[in-house]
Amino acid sequence: MTDPEDLVERVRDGELRLHELEDHADHDTAAEARRLLLERETATELEAIGDYAFPAETAEPNIENMIGAAQVPMGVVGPVPVSGGAATGDHYLPLATTEGALLASVNRGLGVIRSAGGADARVTKNGMTRAPVFRVAGVAEAAETVEWVDENTEALAEAAESTTSHGELIDVEPYVVGDSVYLRFAYDTKDAMGMNMATIATGEACEIVEAETPADLVALSGNLCSDKKPAAINAVEGRGRSVTADAVIPGELVEERLHTTPEAIAEANTRKNLTGSAKAGSLGFNAHAANVVAAAFLATGQDEAQVVEAANAITTMDARENEGGTTDLYASVSLASLEVGTVGGGTKLPTQAEALEVLGLRGGGDPPGSNADALAEIIAVGALAGELSLLGALSSRHLASAHEDLGR
Ligand SMILES: CC(C)(COP(=O)([O-])OP(=O)([O-])OC[C@H]1O[C@@H](n2cnc3c(N)ncnc32)[C@H](O)[C@@H]1OP(=O)([O-])[O-])[C@@H](O)C(=O)NCCC(=O)NCCSC(=O)C[C@@](C)(O)CC(=O)[O-]
Ligand SMILES: NC(=O)C1=CN([C@@H]2O[C@H](COP(=O)(O)OP(=O)(O)OC[C@H]3O[C@@H](n4cnc5c(N)ncnc54)[C@H](OP(=O)(O)O)[C@@H]3O)[C@@H](O)[C@H]2O)C=CC1
């Protein structure tokens, strides 16, 4: 095996390419050699990037041309009682972010939810999608293709499921645009986020579509999936887990802990999250669900680019008179397309796996799919807490001062 200096020389001489170093040295040495080269070519010192806490080899499925790790501070909020379809009992939620005041805010929201007795949460739909696009001569061939697909879903399922021992094809929804046919395949991917699984399975199914219909595959992803782009189809039809969390907060708790009233929070939610978002043409009718989704994704090894659609949420807040004649706050968050997994992808990396362990959700669930469902429910409750706290801060005019105190 070679030392880093030697590898650097061989790259400089054109004998090796930067991405070939793992073929000539162990993974940590290869990363060190890339850092050395980069330090010299960019006149930098990469001490912090090189100070990572896991064997580089464990990250091989996750990164190419590795030089080290981007370390994002991780904190924890909670505990909060969650009464879910899969999640039960008290949970601490690890969050990784660089935004000061965020964890304080979510922690405050969770504290309020805890004092109110906890939150309910349910996954109401589950399906990871992949939508290939096919070329046909025109609408007649498009109709022929759609008819065949509708009549042969079982054959497609058999082909798709031959590539996986966990994934199950739930549905194939055809869409026609002129001489293009899109087939939106939806899978139950159990505890995996499932994008690799769904892509491999769909590739297999496409071969039968091509053999049995006039359609020719143009691209395995035709953007009706829709992965990593803001898209109404995900908001309406769902993608990954569609999950809702809600809680009823007694008015006196809102006053004591959020320094405002149920009515003021409900009004702020209507004028800001609903009317303001509508006027802005926003797909997101919430305040900052993305904050919790992104921080939970980083902490637990989810695909961070999917925050684009995973944070698509509608927040509702209503002042409700209770039987005792006082007013409660009903609060909910519905995330339409939260793509999460507890196996595969970045979940295997050591720090992310530890964070999943804090949640009690590392690896496959029993039954399969229950760990990913529980993770979705807990993230939804975290997002609900963030919404409650931020709307409280806005209603009590504390947002700017909170960020002066904690965020700078
Ligand atoms: C900052 C607070 C919480 C103060 O709120 P407060 O009520 O003055 O705080 P407190 O000192 O009375 O503490 C109340 C609770 O907050 C938590 N808490 C309090 N401090 C900490 C801390 N250091 N670390 C951990 N937890 C903390 C903790 O749960 C504590 O209860 P305790 O445990 O003491 O019984 C409040 O003003 C707040 O939540 N403000 C909102 C801040 C926020 O949500 N920022 C993030 C989003 S902003 C953004 O990115 C998006 C935006 C705004 O642009 C989107 C949009 O357009 O809307
Ligand atoms: N290919 C693409 O187009 C895209 C890929 N990605 C990337 O895909 C990765 C995520 O894909 P994903 O398919 O989730 O992960 P992996 O590709 O890591 O595959 C996970 C595998 O784990 C196995 N498995 C073991 N236990 C379980 C269980 N309880 N539930 C479900 N599966 C289990 C399954 O094997 P088996 O199938 O044999 O049963 C499954 O296919 C991320 O790294 C992401 O960044 C992201 C976007 C697009």
Side-chain angles (χ1 to χ4, degrees), residues 61-63 75-80 95 97-115 128-130 160-168 187-203 220-221 225 227-228 240 256-260 268-269 272-273 276-277 280 282 284 286-292 294-295 297 301-306 315 339-349 363-373 385-407:
N62 302 95
I63 191 92
V76 71
V77 290
V80 65
L95 297 174
T97 183
T98 56
E99 183 175 13
L102 176 59
L103 270 77
S105 177
V106 181
N107 209 25
R108 178 170 77 155
L110 289 179
V112 169
I113 293 171
R114 183 166 63 242
S115 300
M128 177 46 76
T129 55
R130 183 46 100 202
E161 291 170 12
S162 71
T163 65
T164 167
S165 56
H166 287 85
E168 289 168 19
Y187 298 88
D188 180 351
T189 57
K190 309 296 177 188
D191 292 304
M193 177 276 276
M195 202 62 281
N196 277 339
M197 186 199 281
T199 302
I200 294 164
T202 303
L220 189 48
S221 167
C225 315
D227 196 38
K228 303 179 178 175
E256 266 170 39
R257 308 282 285 280
L258 299 174
H259 320 302
T260 182
N269 187 66
K272 169 188 169 60
N273 286 344
S277 297
S282 176
N286 63 84
H288 68 142
N291 265 332
V292 174
F297 270 34
Q302 311 303 317
D303 187 328
E304 63 274 6
Q306 289 180 327
T315 298
E339 301 116 326
V340 287
T342 59
V343 302
T347 66
K348 286 178 291 190
L349 287 166
D366 182 16
S370 56
N371 273 2
D373 280 347
E387 294 295 278
L388 274 170
S389 188
L390 177 52
L391 285 168
L394 289 165
S395 303
S396 60
R397 306 190 180 186
H398 283 164
L399 179 65
S401 61
H403 281 258
E404 272 165 9
D405 292 345
L406 282 169

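The shown structure was predicted, so the numbers you read here are calculated from the model rather than taken from an experiment. Each ligand, and each atom within it, is numbered from 1 in the order the structure gives.
- Distance check for atom 18 (N) of ligand 1: a protein heavy atom is found below 4.0 Å.
- Scanning all protein heavy atoms for the shortest distance to atom 40 (C) of ligand 2 gives M197 CE, 3.5 Å.
- Within ligand 2, the atoms closer than 4.0 Å to a non-hydrogen atom of S165 are 36 (P), 37 (O), 38 (O), 39 (O), numbered from 1 in the order shown.
- Residue-ligand proximity, S389 to ligand 1, at heavy-atom distances under 4.0 Å covers atoms 38 (C), 39 (O).
- Closest protein heavy atom to atom 10 (C) of ligand 2: M193 CE, 3.6 Å.
- Taking both residues in full, the closest heavy atoms of R257 and S115 are given as NH1-OG, 3.0 Å, listed atom of the first, atom of the second, then distance.
- Within the 3.5 Å criterion, the main-chain N or O of A268 finds no donor-acceptor partner in the side chain of N273.
- Counting heavy atoms under 4.0 Å from ligand 1, residue R108 touches it through both backbone and side chain.
- Checking N107, N286, L390, L110 against atom 26 (N) of ligand 1, the nearest heavy atom belongs to N107.
- For atom 42 (C) of ligand 1, the closest non-hydrogen atom on the protein side is H403 NE2, 3.6 Å.
- Using a 4.0 Å cut-off to heavy atoms of K228, the atoms of ligand 2 that qualify are 46 (C), 47 (C).
- For T260 (side chain) and G392 (main-chain N/O), no donor-acceptor pair under 3.5 Å exists by modelled atom type.
- Taking a distance limit of 4.0 Å, we find that atom 36 (C) of ligand 1 is approached by some protein heavy atom.
- When only non-hydrogen protein atoms are considered, atom 47 (C) of ligand 1 lies nearest to H288 ND1, 3.2 Å.
- Not one N or O on the side chain of Y187 forms a donor-acceptor pair closer than 3.5 Å with the backbone of R130.
- On a distance-only criterion, T199 and ligand 2 share at least one N/O pair closer than 3.5 Å.
- Between Q306 and M195, the closest side-chain pair of non-hydrogen atoms falls below 4.5 Å.
- Contact annotation for atom 14 (O) of ligand 2: protein present (non-hydrogen atoms, distance under 4.0 Å).
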Criterion side-chain hydrogen bond (donor to acceptor under 3.5 Å, both in side chains) on S389 and S105, from CA distance to verdict: CA-CA 6 Å; S389 188; S105 177; 3.1 Å; yes
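- Between the side chain of D191 and the backbone N or O of N371, at least one donor-acceptor pair lies under 3.5 Å.
- Within the 4.5 Å cutoff, no side-chain heavy atoms of V292 are placed close to those of E387.
- Interatomic distance, L388 CG to R108 CZ, rounded to the nearest 0.5 Å: 9.5 Å.
- Using a 4.0 Å heavy-atom cutoff, G167 is absent from the residues neighbouring ligand 2.
- Between L103 and V77 the shortest side-chain heavy-atom distance falls below 4.5 Å.
- Between D303 and K228, some side-chain heavy-atom pair lies under the 4.5 Å cut-off.
- For atom 12 (P) of ligand 2, the nearest non-hydrogen atom from the set S370, G194, A198, C225 comes from G194.
- Proximity of M128 to D188: side-chain heavy atoms (C-beta onward) are nowhere separated by under 4.5 Å.
- Of the polar atoms of D303, at least one N or O is found under 3.5 Å from an N or O of ligand 2, judged by distance alone.
- Near G344, the atoms of ligand 2 lying under 4.0 angstrom from a non-hydrogen atom of the residue are 15 (O), 18 (O).
- To the nearest 0.5 Å, atoms NZ (K190) and CG (D373) are separated by 9.5 Å.
- Using a 4.0 Å threshold on non-hydrogen atoms, atom 50 (O) of ligand 1 counts as touching the protein.
- Near D227, the atoms of ligand 2 lying under 4.0 angstrom from a non-hydrogen atom of the residue are 47 (C), 48 (C).
- For atom 22 (O) of ligand 2, the nearest protein heavy atom (residue, atom name, distance) is V343 CG2, 4.2 Å.
- From the protein, the heavy atom lying nearest to atom 31 (O) of ligand 1 is R257 NH2, 4.7 Å.
- Under the 4.0 angstrom criterion, atom 11 (O) of ligand 1 counts as lacking any protein heavy-atom contact.
- Closer than 4.0 Å to atom 47 (C) of ligand 2 lies at least one heavy atom of the protein.
- The nearest protein atom to atom 40 (N) of ligand 1, hydrogens excluded, is given as A393 CB, 3.4 Å; this is a heavy-atom distance.
- Note that CE of M193 and OG1 of T189 are 8.5 Å apart. Values are rounded to the nearest 0.5 Å.
- The shortest contact between atom 23 (N) of ligand 1 and any protein heavy atom is with L406 CD2, 4.0 Å.
- At the top of the distance list for atom 30 (N) of ligand 2, counting protein heavy atoms only, stands D191 N, 3.0 Å.
- For atom 54 (O) of ligand 1, no protein heavy-atom neighbour is present inside the 4.0 Å cut-off.
- Interface atoms of ligand 1 facing K272, defined by a heavy-atom separation under 4.0 Å, are 56 (C), 57 (O), 58 (O).
- Side chains of L102 and L95 form no contact here, defined as non-hydrogen atoms less than 4.5 Å apart.
- Between atom 43 (C) of ligand 1 and the options A104, S396, S105, G75, the minimum heavy-atom separation is to S105.
- Put simply, atom 3 (C) of ligand 1 has protein non-hydrogen atoms near it, under 4.0 Å away.
- Heavy-atom proximity to G345, at under 4.0 Å, picks out these atoms of ligand 2: 15 (O), 18 (O), 42 (C), 43 (O).
- Close approach to G364 involves these atoms of ligand 2, each under 4.0 Å from a residue heavy atom: 29 (N).
- Set against the non-hydrogen atoms of A287, the atoms of ligand 1 under 4.0 Å away are 55 (C), 56 (C), 58 (O).
- With rounding to the nearest 0.5 angstrom, the NZ atom of K272 is 8.5 Å from the CG atom of N286.
- In this structure, CG on N269 lies 10.5 Å from CG on L390, to the nearest 0.5 angstrom.
- Taking a distance limit of 4.0 Å, we find that atom 58 (O) of ligand 1 is approached by some protein heavy atom.
- In this structure the side chain of T199 reaches within 4.5 angstrom of the side chain of L220, judged on heavy atoms.
- Here is the list of ligand 1 atoms found below 4.0 Å of a heavy atom in H259: 6 (P), 7 (O), 8 (O).
- Residue H166 holds the heavy atom nearest to atom 27 (C) of ligand 2 of all those in H166, M195, E304.
- Residues N291 and T97 are not in side-chain contact: their nearest non-hydrogen atoms beyond the backbone lie 4.5 Å or more apart.
- Assignment of N291 to the shell around ligand 1 is supported, since a heavy atom sits closer than 4.0 Å.
- In this structure, Q302 contributes its side chain and G341 its backbone to a donor-acceptor pair below 3.5 Å.
- With respect to atom 3 (O) of ligand 2, the closest heavy atom belonging to the protein is R130 NH2, 2.8 Å.
- At under 3.5 Å, not a single nitrogen or oxygen of Q306, backbone or side chain, sits near a nitrogen or oxygen of ligand 2.
- The atoms of ligand 2 that sit less than 4.0 Å from any heavy atom of T164 are 36 (P), 37 (O), 39 (O).
- When heavy-atom distances to ligand 2 are checked against a 4.0 Å cut-off, N196 comes that close through both its backbone and its side chain.
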